[in-house]
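Just follow the structure's listing: the first ligand is 1, and inside any ligand the first atom is 1.
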Amino acid sequence: MTIDILEYNRIFEDMILGLEAVKNWKKQEVLNVLRPMFRALHVAKFKWVFFPNEQTEAEHMGRETDLYEEGVPELTRPYVTKEYNTGGSRVVYYFYADSSKPEWDADDLEKLHMVEKLIFTYHGRLRLVNLVEERTYTDYQLNTRNLRYILKLAAQLVFRKEIYDYCMVCFNLKGFSLVNSRIGRDAGTKVMSRFICQLVNKLEEPGSIGRMGGDNFVGVFKKEDLDKVRTHLSGTGIVYNDETNERVMISAVAGYYIPRECDEIQSEDDLMDRVIMAVNVARHVQDTMEVFYSVELQQKQTEQKRIERQFPDALLKNEFKVYYQPKVDLRDYSLAGAEALCRWVKDGVVLPPAAFIPVLEQSMNICLLDFYMLDHVCTDLRRWLDQGREPVRVSVNLSRRHLGDMDLVEHIIEIIDRNRIPHGLIEIELTETTTEVEFADLKRVVNALQEKGICTSVDDFGTGYSSLNLIKEISWNVLKLDKAFLPVMAQSAFSNDNIMLRHVIAMATDLGLECIIEGVETKDHVDLLQENMCYMAQGYYFDRPLPVLDFEKRLDKQKDIYCEGGKREE
Ligand code: C2E
Ligand code: MG
Ligand code: MG
């Protein structure tokens with residue numbers, strides 16, 4: 001065959017470049033690359049047969065792929081070559097000459113052989129690349145994408161500046177260990193996989209979800225799909241038993257980031273930082289099902305980090321101060337006790353607990369602060385006793401974070417005894433719990449404290465779940481009703497609020513619990529309490545939380561401070 005060598009070289013180079021560029025071994029794509037060469041070499045038909053092993057070859061049980069046919073092929077005498085893969089599989093290639101063209105000479109066959117070698121090599125290379133990619137970007141346990149895949153996708157979208165059309169999500173499945181223990185680990189894995197696959201199927205390409213590990217996932221998807229994602233994550237029933245169709249409800253706590261054109265996004269890391277921050281706030285700070293990233297959220301987090309950083313030093317420097325808020329007996333308006341409330345005096349500014357307690361509660365730092373507070377209260381009580389003053393019982397708040405601490409009670413007693421404080425002068429305030437484990441811990445702690453003669457109170461009763469079990473099962477001394485029970489404006493005696501208040505007070509009294517209400521701000525409140533026979537009150541009507549020197553003044557004239565009009569003139 002006479003073929004111009006320059007022309008042939010050009011076609012050959014184009015073919016190599018084309019094969020290099022093939023990303024997907026699809027018929028049309030490969031055909032486009034090979035067609036010029038086949039035409040130049042007068043190939044009228046080309047196919048290959050793949051045999052997985054020697055036996056299938058012997059039995060002629062191969063998988064045939066017809067790639068190309070053009071013109072009239074000479075079917076009786078194909079040029080046949082064979083290639084072996086490691087692992088025993090083999091491929092047989094068939095080139096059929098164009099019957100209307102001169103026969104192939106030795107030079108032509110050499111060229112065809114070269115073409116076959118290239119097809120074999122590039123096809124194999126692509127399979128290998130695909131295999132490696134598949135392994136790199138797949139979570140084999142769930143048969144879903146993984147974190148690396150989402151990072152790659154996000155990086156591409158950032159690079160192409162298309163990220164502003166997309167959202168990021170990061171989520172943690174809610175209570176999945178409970179699901180596992182209910183239906184078993186294997187069914188749990190199936191449910192997890194289905195939950196994710198169903199979500200991915202709802203997304204427009206290339207949106208996807210990848211597993212980060214455990215029950216944590218991250219995803220990137222088109223903004224139009226946001227509602228679908230939120231609905232799916234807020235709770236979706238997933239079948240775990242295909243025979244009975246039994247389902248389990250799966251939901252997730254999620255953080256979202258919706259990039260805005262004005263946001264600076266340099267890499268996929270920026271996206272990850274923001275979405276992870278959002279999910280952490282949802283899980284550990286706000287305890288909500290979803291949080292959206294915003295600059296304000298970011299600033300708040302930065303502020304929280306600052307508090308955490310400054311805390312150890314502030315503790316050492318005694319920057320935390322005990323303020324005492326009096327509790328008043330409404331029968332004779334005498335000082336009946338006090339609650340120790342923490343203030344952080346930083347650079348001359350007095351910070352309220354709301355500015356730092358929620359942050360400290362995210363770590364065990366709150367426990368250090370609570371012990372510090374108890375120690376300082378005990379120091380004050382010791383001083384008052386030594387000075388011959390008549391101290392009242394002081395309640396100290398204890399975060400729920402302590403409940404898992406098996407040595408908690410010993411620690412409390414050690415502090416009280418080290419300061420030689422009669423146990424009757426200390427009361428420990430604890431808030432309601434939400435989980436069964438915490439409930440058991442709470443019961444253990446309250447019982448142990450009472451054995452040591454230390455009073456315990458349920459703080460903020462009425463704000464949380466207000467489980468009656470909590471007061472039935474645990475033998476508290478004091479029920480502290482939250483100010484939510486008090487009406488903002490005067491209400492009829494038969495309003496729901498008043499009926500609730502009356503019955504809760506009656507129940508506490510009948511159960512032998514001391515009942516105190518906090519947030520008493522007005523004379524109407526006092527009247528209401530007296531009508532309902534609740535005789536202990538704490539609130540701004542009498543006093544705000546006081547610095548220690550001011551409180552000492554109250555201590556010194558316990559009897560004659562308060563009157564029906566609140567406080568007597570100082
Ligand atoms: P809490 O234990 O329920 O304390 C009562 C809160 O109600 C105090 O807020 C008090 O100042 C406020 N309060 C008292 N009377 C009135 C009133 O008439 N009207 C209104 N609107 N509010 C009143 P504070 O001091 O800001 O403390 C907030 C919360 O911070 C406390 O709620 C407690 O949960 C926590 N906290 C304070 N100190 C400590 C501490 O040392 N350790 C722990 N773990 N938590 C603390
Ligand atoms: Mg309290
Ligand atoms: Mg309270």
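- At a threshold of 4.0 Å, the pair E339-K480 counts as salt-bridged, since one of the basic side-chain nitrogens sits closer than that to a carboxylate oxygen.
- Shortest contact from atom 31 (C) of ligand 1 to any protein heavy atom: L341 CD2, 4.1 Å.
- Checked against a 3.5 angstrom limit, the closest N/O atoms of E361 and ligand 1 fall outside it.
- Across the listed options I357, L430, L360, I357 owns the non-hydrogen atom lying nearest to atom 39 (C) of ligand 1.
- At a heavy-atom cutoff of 4.0 Å, ligand 1 is contacted by the side chain of K483 but not by its backbone.
- Distance screen at 4.0 Å: atom 21 (N) of ligand 1 has a protein heavy-atom neighbour inside the cut-off.
- Distance check for atom 9 (O) of ligand 1: every protein heavy atom is found at 4.0 Å or beyond.
- For D543 and R554, the salt-bridge test passes: some basic side-chain N is under 4.0 Å from an acidic carboxylate O.
- The side chain of R343, and not its backbone, has at least one atom closer than 4.0 Å to an atom of ligand 1 (non-hydrogen atoms only; side chain from C-beta on).
- Closest to atom 28 (C) of ligand 1 by heavy atom, among S457, P352, A354, P353, is P353.
- Classification of D560 and K557 as a salt-bridged pair fails, no side-chain N sitting under 4.0 Å from a carboxylate O.
- Protein heavy atom in closest approach to atom 44 (N) of ligand 1: D370 OD1, 3.0 Å.
- With respect to the Mg ion (ligand 3), E518 has OE2 as its nearest N, O or S atom.
- An angle of 90° is found at the Mg ion (ligand 3) between D459 atom OD1 and D460 atom OD1, rounded to 10°.
- In this comparison of A355, G519, A537, the heavy atom closest to atom 17 (C) of ligand 1 sits on G519.
- Here D556 does not pair with K553 in a salt bridge; the nearest charged N to carboxylate O distance is not below 4.0 Å.
- With hydrogens left out, the protein atom closest to atom 18 (O) of ligand 1 is Y540 N, 2.8 Å, a heavy atom.
- At least one heavy atom of E339 sits under 4.0 Å from some atom of ligand 1.
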